[in-house]
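Some notes on the structure that comes next.
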Number of protein chains: 2
Amino acid sequence: MNLDITLSSLQDKGHRITKVRKEVVKIFSENTTPLSANQVEEKMLQVCLSVNKATIYRELQFLLANGYLVEVYLRPNEVSYESSELKHHHHLVCSTCGAIDNVTNCLASELEDDVFKKRGFRIKQHTLEFYGTCAECARKTT
Amino acid sequence: MNLDITLSSLQDKGHRITKVRKEVVKIFSENTTPLSANQVEEKMLQVCLSVNKATIYRELQFLLANGYLVEVYLRPNEVSYESSELKHHHHLVCSTCGAIDNVTNCLASELEDDVFKKRGFRIKQHTLEFYGTCAECARKTT
DNA sequence: ATATTAATGCAAATTATATGCATCTAATTA
DNA sequence: TAATTAGATGCATATAATTTGCATTAATAT
């Protein structure tokens, strides 16, 4: 997402632009792969911002509720987030090292009409996750 | 999964066939949609088997480690399981009522070769999740 | 029937996440 | 620019999912 546009549209809605909020939005505007609360905390520490975990959770919920982030479930007991403005894509999750890469190819939407006709299920969103071994891990093992 | 075959193959590997194990395997052999630990507990209570939560978690881990179950992540902070022997399929997750249905159409595997050629990422598994509104919930709202 | 060891229950520990409340601070106003 | 005010934050605590240590129980082989 665009840093300045996001911040000013939040401000227009009456929300405050704080040090924490600015940095979290910045992080997601610079990262295209999903980040967990812990990873966001780490990134903030890297720029010497020590922020309470509760605050980070609250800020993620806030940006989620306001439509700037979406939740991603790639692993047990860990929710990640990514910008909702990213082009539709799927994830390549390396089950060895955890690295995540994005792919933008998508055939899945072709299924949507079919599913609605046959089952009356109106698809609003879908996620396609790939699990496997990334090139780097394959090299290390072989 | 097949109840008898699963149990006897577990026994062949030197594992015991206990009341709990038998019932958990039975539950997953009769259910094609993903179940969380809590849902497994409920199903056991329905047949008057009151089993400690730790035991249920251990049994799920056990069946996962032995390849009879796979993990499914459909919602924040909740891991579900389903039989690993089910035909490849995807889930229709109703975001209103939580109902889960399976679809067996799948175009995703067509992407696999392409991804390997372009990125060296060897896909071992993929999951395709659909979020939306099921026919029943649509009827109630409209 | 008995011995052996896996499975179980219970309590306590862990980890992710949420919440109450007092304090602080960004944005507004005088 | 200082005073005002509600939103944001930190801290401690709560909650929920899951794991683990340990003593006890029970499935299976002998």
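Hydrogens, waters and symmetry mates are skipped; everything else that's a heavy atom, side chains included, is used.
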Side chain of [X]: nearest nucleotide among [options]?
| X | options | result |
| --- | --- | --- |
| B:Glu59 | D:dT18, C:dT8, D:dA8 | C:dT8 |
| A:Phe62 | C:dT17, D:dA8, C:dG9 | D:dA8 |
| A:Tyr57 | D:dT18, C:dA18, C:dC10 | C:dA18 |
| A:Ile17 | C:dT8, D:dC11, C:dA27 | C:dA27 |

To the nearest angstrom, how far is [X] atom [atom1] from [N] atom [atom2]?
| X | N | atom1 | atom2 | value |
| --- | --- | --- | --- | --- |
| A:Asn38 | C:dT17 | CG | P | 7 Å |
| A:Leu10 | C:dA26 | CG | P | 16 Å |
| B:Arg75 | D:dT18 | CZ | C1' | 19 Å |
| A:Lys53 | D:dA14 | NZ | C1' | 16 Å |
| B:Leu63 | C:dA6 | CG | P | 17 Å |
| A:Glu23 | D:dA8 | CD | C1' | 16 Å |
| B:Glu41 | C:dG9 | CD | P | 11 Å |
| A:Leu35 | C:dT17 | CG | P | 13 Å |

Regarding C:dA27, can its base be found pairing with the side chain of A:Arg16 as donor and acceptor, where the two atoms are less than 3.5 Å apart?
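Counting by modelled atom types and ignoring angles, no donor-acceptor contact under 3.5 Å is found here.
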Taking N and O atoms by type only, does the side chain of A:Arg58 place a donor or acceptor under 3.5 Å from a partner on the base of D:dA8?
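No pair found.
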On DNA chain D, compare the nucleotides closest to B:Asn77 and A:Thr18; which residue's is nearer the 5' end?
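Between the two, 5'-proximity favours A:Thr18.
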When rounded to the nearest 0.5 angstrom, what distance separates [atom1] in [X] from [atom2] in [Y]?
| X | Y | atom1 | atom2 | value |
| --- | --- | --- | --- | --- |
| A:Met1 | A:Thr6 | CE | OG1 | 5.5 Å |
| B:Leu86 | B:Asn31 | CG | CG | 10.0 Å |
| B:Glu23 | B:Glu59 | CD | CD | 11.5 Å |

Please compare B:Val51 and A:Val79 by the position of their nearest nucleotide in DNA chain C and report the one closer to 5'.
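Nearer the 5' end of the strand: B:Val51.
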Counting just side-chain N and O atoms, does A:Thr55 come under 4.0 Å of either OP1 or OP2 of D:dA8?
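A:Thr55 to D:dA8 OP1/OP2: no side-chain N or O under 4.0 Å.
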D:dT19 OP1/OP2 closer than 4.0 Å to side-chain N/O of B:Gln61
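True: B:Gln61 side-chain N/O within range (under 4.0 Å) of D:dT19 OP1/OP2.
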More than 12 foreign heavy atoms under 6.0 Å from NZ of A:Lys53: is that the case here?
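It does: A:Lys53 NZ has more than 12 such atoms within range.
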Is it the case that atom NZ in A:Lys19 sees more than 12 heavy atoms from other parts of the structure closer than 6.0 Å?
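No, NZ of A:Lys19 has 12 or fewer neighbouring heavy atoms, counting only those of other groups under 6.0 Å.
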